[in-house]
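Note that these values count all heavy atoms, side chains included, but never hydrogens, waters or copies made by symmetry. Order of listing sets the numbers, starting from 1, for every ligand and every atom in it. As the structure is a prediction and not an experimental result, all values here were calculated from the model.
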Amino acid sequence: MKNIIVVGAGASGMFCALLLRERGFEVTVLERNDKIMKKIYATGNGRCNFTNRNINIKNYHGVNPKFAMTAIHQFSNQEAIEYFHKLGIPEIELEEGKIFPMSLQASSIPLRVEEYAKNIGVKVLLNTYIKDIAKKSQYIIADEKGKKYYADEVVIAAGGRAMENSGSDGNGYKLVKKFGIDIIDTHPGIVQLKLDYPYLKRMDGTKVPGSCTLVVDGKSIRKEYSDILFTRYGISGPAVLQISSEAIRSLKKGKDVRLSIDILPAMEENILYYFLKTNFENNSFASLEKALVGLIHKNLIIPILRDLNLDKDKKAAELSNGDIHRIKEKLKNYSFKVLGEKSDKDGQITCGGVSTKEISPKTMELKKREGLYCIGEIIDIDGDCGGYNLQWAWSSAYVCAMNMDLY
Ligand SMILES: Cc1cc2nc3c(=O)[nH]c(=O)nc-3n(C[C@H](O)[C@H](O)[C@H](O)COP(=O)(O)OP(=O)(O)OC[C@H]3O[C@@H](n4cnc5c(N)ncnc54)[C@H](O)[C@@H]3O)c2cc1C
């Protein structure tokens, strides 16, 4: 029976280790942190959205999103739910098909996984930071203190570079690169965006329930509805996070990227026009600054009027029909130029990574290096916000563990 070393005790590494051990392999997990699955505690706002009821190829991205679906067909969302159920973690489904542990505590997963791993004999060595992997007759894995570990096969589950303080700081790419493996350029995903807009300071902290459309080179790519939060640096909120990975991907390709915000999604254009017209007639004495109070957040009024070159002190009665149309257009299509991600450190995930061309979709083994596998976020697959990234971690781990030859 082969002995396997898994580098990284994150979601994918621990899940792979459990499955390998269940199949009878000798498994040792080497983890640089002082506890397993550190990132999981922060997932889903501390509740861990570990999969989603609705999974589709459209939820996955990277050079070859089909690669993700091949794994997910082998280990689906339902199978993930059943596995955690078996560990004593029943599921609860909340909005948009998001699945969480019934306890709504992310810690449930690492705690139950740790207990089960111990019970079935998975060895976990904490505070063990792997610096090198070499191949002689066996794989030789060296930690930062120079201590060596030997294995027949090695699974690299070191994550990407999101949330550095959880242990995934991009060092996994170095371990793999040594073997001549192609790494697709990385960038943060599911991340707050920086905007080019002069009035952000004034709008800081303003939250509106809106819809946000990603517009790339003038073409609408994707639309999301949810709260939108304006900040000092730009924009955040669930709708923005959801489209952010695609926004950054497009920027990296040199495209013009804008967000078009509809700050009144509940009002049809013609109804809004009629409302504005009647409102300005009924309140003809009011200044424009006052005449929009009640319709939109007051922090947005001055920026919008300035964008439209309308004097805030102008009386509602003095507005032309054309002005009313321009105000309506602006409220339905408040457009912002995207400059980039808030910072390299703020993304929830890393987009890019080990090229899927380098990996066998049947086993997760590197095609150029027999006995060396990659799973999880280190690979060039990224999912939407909503449980899709953890599903990828479980599914890729499953494919690796279940297809490894026993002898
Ligand atoms: C704030 C936040 C919230 C999120 N919420 C969700 C959510 O609700 N749902 C969802 O689906 N996804 C969510 N994600 C994304 C999801 O957590 C990740 O995609 C997933 O955890 C990746 O799993 P992984 O095993 O590939 O990598 P990681 O979880 O990053 O694990 C990698 C492990 O490898 C270890 N390691 C790295 N290098 C070495 C080395 N050289 N030697 C030893 N150990 C090493 C690290 O310490 C770490 O423990 C969230 C991410 C963040 C940051």
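- Scanning all protein heavy atoms for the shortest distance to atom 9 (N) of ligand 1 gives Asn49 O, 2.8 Å.
- At the top of the distance list for atom 13 (C) of ligand 1, counting protein heavy atoms only, stands Thr43 CG2, 4.0 Å.
- Residue pairs meeting the ring-ring contact (aromatic ring centres under 6.0 Å, His included) criterion with at least one member in residues 119-176, sequence neighbours excluded, do not occur.
- Near Ser166, meaning under 4.0 Å from any of its heavy atoms, are these atoms of ligand 1: 46 (C), 47 (O), 48 (C), 49 (O).
- Side chains of Leu87 and Val113 form a contact here, defined as non-hydrogen atoms less than 4.5 Å apart.
- Regarding atom 41 (N) of ligand 1, its nearest protein heavy-atom neighbour is Asn171 OD1, 2.7 Å.
- The only option from Asn56, Asn52, Asn59 that meets the side chain to side chain donor-acceptor pair (under 3.5 Å) definition with Asp384 turns out to be Asn59.
- Distances between N or O atoms of Ile40 and those of ligand 1 include no value under 3.5 Å.
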Kindly determine whether Glu153 and Lys2 satisfy salt bridge (charged side-chain N to carboxylate O under 4.0 Å, His left out), including the steps that lead there. CA-CA 8 Å; Glu153 318 229 322; Lys2 287 178 190 162; 3.1 Å; yes
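- Nearest protein neighbour of atom 51 (C) of ligand 1, counting heavy atoms only, is Gln348 O, 3.2 Å.
- We find that Asp169 and Arg32 are joined by a salt bridge, their nearest charged nitrogen and carboxylate oxygen being less than 4.0 Å apart.
- Assignment of Gly172 to the shell around ligand 1 is not supported, since no heavy atom sits closer than 4.0 Å.
- Residue Thr51 places no heavy atom under 4.0 Å from ligand 1.
- Protein heavy atom closest to atom 15 (C) of ligand 1, with residue, atom name and distance, is Ile349 CG2, 3.8 Å.
- Not a single heavy atom of Ala162 lies less than 4.0 angstrom from ligand 1.
- Looking from atom 48 (C) of ligand 1 to the surrounding protein, the closest heavy atom is Glu31 OE1, 3.5 Å.
- Ligand 1 places these atoms under 4.0 Å from at least one heavy atom of Tyr388: 11 (O).
- Heavy atoms of Ile36 found under 4.0 angstrom from ligand 1: none, in either backbone or side chain.
- Ligand 1 has a nitrogen or oxygen under 3.5 angstrom from a nitrogen or oxygen of Leu390.
- A cation-pi arrangement is present between Arg47 and Phe100, with the terminal nitrogen or guanidinium carbon under 6.0 Å from the aromatic centre and inside a 45° cone about the axis.
- Across Ile130, Val6, Asp143, Val124, a single residue satisfies side chain to side chain contact (heavy atoms under 4.5 Å, CB included) together with Leu30, and that is Ile130.
- Evaluation of the side-chain hydrogen bond (donor to acceptor under 3.5 Å, both in side chains) rule for Asp182 yields no partner, not counting sequence neighbours.
- Distances below 4.0 Å separate heavy atoms of Leu30 from the following atoms of ligand 1: 43 (C), 44 (N).
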Full working for salt bridge (charged side-chain N to carboxylate O under 4.0 Å, His left out) between Glu269 and Lys328: CA-CA 7 Å; Glu269 283 205 22; Lys328 178 208 72 181; 3.3 Å; yes
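- With a heavy-atom cut-off of 4.0 Å, Cys385 does not touch ligand 1 at all.
- Proximity of a side-chain donor or acceptor of Asp262 to a complementary backbone N or O of Gly210 within less than 3.5 Å is not detected.
- Those atoms of ligand 1 with a heavy atom of Ala11 less than 4.0 angstrom away are 23 (O), 25 (O), 29 (O).
- Ligand 1 places these atoms under 4.0 Å from at least one heavy atom of Ser12: 24 (P), 25 (O), 26 (O).
- Those atoms of ligand 1 that come under 4.0 Å of a heavy atom in Ala42, given as number and element, are 1 (C), 3 (C).
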Audit row: Asp323, Arg326, salt bridge (charged side-chain N to carboxylate O under 4.0 Å, His left out) steps and yes/no: CA-CA 5 Å; Asp323 289 334; Arg326 287 197 307 126; 3.5 Å; yes
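- In terms of polar-atom proximity, defined here as any N/O pair under 3.5 Å, Asn33 does make such a contact with ligand 1.
- Under a 4.0 Å criterion applied to the non-hydrogen atoms of Gly376, ligand 1 contributes the atoms 26 (O).
- A centroid separation of less than 6.0 Å is found between the aromatic rings of Tyr334 and Phe336.
- Inter-residue side-chain proximity for Phe280 and Leu288 is flagged as met; some heavy-atom pair is nearer than 4.5 Å.
- Between Phe15 and Phe75, the distance separating the two ring centers is shorter than 6.0 angstrom.
- The protein heavy-atom contact nearest to atom 34 (O) of ligand 1 is Gly8 CA, 3.2 Å.
- The N/O atoms of Ile130, backbone and side chain alike, include one that comes under 3.5 Å of an N/O atom in ligand 1.
- For atom 30 (O) of ligand 1, the closest non-hydrogen atom on the protein side is Lys39 NZ, 2.8 Å.
- Each of the atoms 18 (C), 19 (O), 20 (C), 22 (C), 26 (O) of ligand 1 lies under 4.0 Å from some heavy atom of Glu377.
- A 6.0 Å sphere centred on NZ of Lys337 holds more than 12 heavy atoms belonging to other residues, nucleotides or ligands.
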